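To start, the structure under review is shown below, and the notes come after it.
Note that the structure is predicted; figures quoted are calculated from it, not measured.
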Amino acid sequence: MFFMEHWLINILLTFGIAFALTGLLIPQILLIAFRKKLFDVQDERKIHEGIVPRLGGIAFVPAIITSISFILGLEVTLFPDQVSLMLEDRFVPIMFLFCSLLLLFLVGMADDLIGVRYSVKFIFQILAAMLTISSGVFISDLYGIAGLETLPNWFAWLFTGFCIVYCVNAINLIDGIDGLAAGLAAIAMTIYGIVLLLSGEYLYSILAWAGVGSLLPFLYFNIFGNAEKCRKIFMGDTGSLTIGMLIIFLGIVICQTVPSEGILCGTNPVIIGVAPLIVPVFDVARVFLHRIKHRRNPFLPDRSHIHHKLLDLGLSSTCALSIILLVSLIYTAANIWLSKIMNVNILILCDIAVWIIGHICLTKAIRHRETHTGMKLYE
């Protein structure tokens, strides 16, 4: 019990430091952005009004790395024996994660400032994936998904690399309305932080809570900030790429952690790792298939994401955000609970069926609205 309480204090400190640093950095980033005229370029896909910088994500990585480094440094100084045992198998993955975050931080910042081709971003994402896999963090067992259990190393490495690149892009591509990518990320990392804490993975839990701490001040400026008063900001690629990398890293760690006791005992680890990511992962898959069906480049942006469909129904961005976050929470809770009592493959098929039926209903509602308005809302 004392050990748990000790790390709960560390988690609170890490969360607080990340929260404070992000809260201090974002106003300074806003000041620099307006002085140097670094704003988000408006186009037909953008729904925001006014001049808004897209550099909020610059605050995330410094806040996360500083808060974690400070707490770990303090722990090593005060309790060297205790921490050395915990760091034995986790030091390399955490250090390589920091390297991955910094790589994506650099390419994301370059894209936000001057623009970078998506092929260049893919190269950096692949490098980040290779660093993660080489640190020993990869999906080695699917626990019955598609009838697969323990995976051969070569397949596990390739599969994990694909999952990392895919999920990083999923978070990046769903960042279309205020608070959406950050809100989904905050939900995912909160769930991961709780699961890792309950599983005794205290160091990885701290990573998750540092991420949550860095996102909350941003969400305030992103959702409630006033563009006319120069107080509104977007996360940009710097934020979505780095937060996406942190989320998938934690998700893979959970896939490697089998709950042996407590409320999570008997739950499929892969389902726990994937469930909080269902909305962005399913959305990107559907969008890519939609673009290919209409003979468009699947990597070029359009207005076919789930939030665009909700906006086409006439909903406000706040309402659309609330619905999507609620759907993510329901999907996550249902999957974690049902994975204890249902065959994992049937559960995944049910997830896909619910998603498809939901989109069919959305499309029909949009067509009905088009009939009444006489306007083409969705292709």
Side-chain angles (χ1 to χ4, degrees), residues 137-152 155-156 158-160 162-171 174 183-199 201 208 244 247-290 305-306 309 323-363:
V137 176
F138 56 87
I139 303 169
S140 58
D141 196 322
L142 290 180
Y143 298 94
I145 295 177
L148 298 173
E149 299 287 343
T150 303
L151 304 175
F155 183 78
L158 290 175
F159 179 68
T160 302
F162 169 79
C163 289
I164 290 173
V165 173
Y166 184 92
C167 290
V168 168
N169 279 285
I171 297 297
I174 206 168
L184 290 170
I187 289 172
M189 284 193 282
T190 298
I191 293 166
Y192 290 157
I194 294 170
V195 170
L196 290 164
L197 180 62
L198 294 175
S199 302
E201 292 288 351
I247 291 173
I248 186 58
F249 175 89
L250 293 168
I252 295 171
V253 167
I254 287 177
C255 290
Q256 295 178 316
T257 306
V258 183
S260 58
E261 57 184 20
I263 61 174
L264 296 174
C265 183
T267 307
N268 190 302
V270 177
I271 294 298
I272 300 176
V274 171
L277 298 173
I278 283 178
V279 169
V281 164
F282 279 15
D283 184 62
V284 167
R286 188 200 62 81
V287 166
F288 270 43
L289 291 174
H290 179 83
H305 288 278
I306 183 172
K309 296 182 79 170
I323 290 171
I324 296 171
L325 294 184
L326 181 61
V327 167
S328 180
L329 284 170
I330 292 172
Y331 254 121
T332 303
N335 273 267
I336 291 176
W337 175 61
L338 289 173
S339 71
K340 290 185 177 185
I341 59 176
M342 183 183 290
N343 179 277
V344 65
N345 295 297
I346 295 175
L347 177 57
I348 292 172
L349 289 175
C350 289
D351 286 335
I352 295 171
V354 169
W355 188 260
I356 291 172
I357 292 169
H359 273 281
I360 290 172
C361 293
L362 271 177
T363 302

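In this structure a side-chain-to-backbone donor-acceptor pair under 3.5 Å is present from Asn169 to Val165. A donor-acceptor pair under 3.5 Å links the side-chain atoms of Tyr192 to the main chain of Gly273, judged by distance alone. When atom types are taken as modelled, the side chain of Asn335 and the backbone of Leu347 share no donor-acceptor pair closer than 3.5 angstrom. With hydrogens and angles ignored, the 3.5 Å screen pairs a side-chain donor or acceptor of Asn268 with a backbone N or O of Tyr143.
Scanning both residues, Ala146 and Asn345, for their nearest heavy atoms gives N-OD1, 2.6 Å. Among all heavy-atom pairs drawn from Ala170 and Val284, the shortest one is CA-CG2, 3.4 Å. Residues Ile348 and Ile271 come closest through the heavy atom pair CG1-CD1, 4.4 Å. Among all heavy-atom pairs drawn from Met189 and Ala208, the shortest one is O-CB, 3.4 Å. Nearest heavy atom pair, residue Pro276 against residue Ser328, reads O-OG, 4.0 Å. Contact record, Leu325 with Gly183: CD2-C, 3.7 Å, taken as the closest heavy-atom pair.
Residues Ile248 and Tyr166 form no side-chain contact, since every pair of their non-hydrogen atoms from C-beta on lies 4.5 Å or further apart. Under the 4.5 Å side-chain criterion, counting only non-hydrogen atoms from C-beta, Cys350 is in contact with Ile346. The shortest distance between side-chain heavy atoms of His359 and Ile306 falls below 4.5 Å. Using a 4.5 Å heavy-atom threshold, the side chains of Ile252 and Ile164 count as touching. In this structure, the side chains of Thr267 and Ser339 come closer than 4.5 Å at one or more pairs of heavy atoms. Looking at Ile139 and Cys163, their side chains come closer than 4.5 Å, going by heavy atoms from C-beta outward. Contact annotation: the side chain of Ile247 never approaches that of Cys167 to less than 4.5 Å [non-hydrogen atoms, C-beta and beyond]. Using a 4.5 Å heavy-atom cutoff, the side chains of Val253 and Val137 are in contact.
The aromatic rings of Phe282 and Trp355 lie perpendicular to each other, with more than 60° between the two planes, well past the 30° mark.
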Does the pair Val274 and Val281 meet the rule for a side-chain contact (heavy atoms from CB on, under 4.5 Å), with working shown? CA-CA 9 Å; Val274 171; Val281 164; 6.0 Å; no

